[in-house]
> 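What follows is a single structure, and I will ask about it in a moment.
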Amino acid sequence: MRKQRVFYTSPLDALVAVSKRLSLYENQQHMDSEAFIDRYRKGQLVDDATFVEWSNDYQHYLALRQQLERVLRAAA
């Protein structure tokens with residue numbers, strides 16, 4: 001697996017990009033990300049490259065969403 005670093009102009013741009021990747025995983029695997037991460041954490045899925053990347057993207061999505069929620073609360 002080759003590492004790739006991508007830079008975004010804002011957390012919102014990053015969230016949109018990660019959300020699109022999550023959507024692709026969900027369509028390919030016929031499972032939403034919440035169900036996937038639950039099964040993955042319980043060890044019900046193998047640690048293949050796709051699932052590792054999906055898990056990482058989902059964690060990134062959660063962190064970005066939390067960051068944006070903090071910003072919005074501070075602005076309100």
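If you're wondering where the values come from, they're calculated on a predicted model, not measured in any experiment. These values consider heavy atoms only, across backbone and side chains, with no hydrogens, waters or symmetry-generated copies. Here, residue 1 is the first one in the sequence, and each next residue gets the next number.
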> Taking all non-hydrogen atoms of both residues, which atom of Leu68 and which atom of Leu12 are closest, and how far apart?
CD1-CA, 4.0 Å

> Give me the atom names and distance for the closest heavy-atom approach of Ser55 to Phe36.
N-CE2, 3.6 Å

> Between atom CD of Gln28 and atom CD of Glu26, what is the distance when rounded to the nearest 0.5 Å?
10.5 Å

> Distance check, rounded to the nearest 0.5 Å: Asn27 atom CG versus Leu22 atom CG?
11.0 Å

> Any donor-acceptor pair under 3.5 Å linking the side chain of Ser23 with the backbone of Ser19?
no

> Quick check: is Tyr25 connected to Leu62 through a chain of hydrophobic side chains (ILVMFWY, heavy atoms under 4.5 Å apart)?
yes

> So, the side chain of Asp38 versus the backbone of Glu34: is there a donor-acceptor pair under 3.5 Å, distance only?
no

> Once you measure the plane-to-plane angle for Phe51 and Trp54, does it fall in the parallel (<30°), tilted (30-60°) or perpendicular (>60°) bin?
tilted

> With respect to Val18, which candidate in His60, Arg65, Gln59 satisfies the side-chain contact (heavy atoms from CB on, under 4.5 Å) definition?
His60

> Kindly give the heavy-atom pair with the smallest separation between Tyr40 and Val46, and that separation in Å.
CE1-O, 3.8 Å

> Please report the interatomic distance CG(Leu45) to CD(Gln29), rounded to the nearest 0.5 Å.
8.5 Å

> Does some side-chain heavy atom of Tyr61 sit less than 4.5 Å from a side-chain heavy atom of Ser33?
no

> Looking at CD1 of Ile37 and CG of Asp32, how far apart are the two atoms once the value is rounded to the nearest 0.5 Å?
11.5 Å

> With heavy-atom distances below 4.5 Å as the criterion, would you say the side chains of Glu53 and Arg21 are in contact?
no

> Passes side chain to side chain contact (heavy atoms under 4.5 Å, CB included), Gln67 versus Leu64? Steps please.
CA-CA 5 Å; Gln67 178 185 1; Leu64 287 166; 3.9 Å; yes

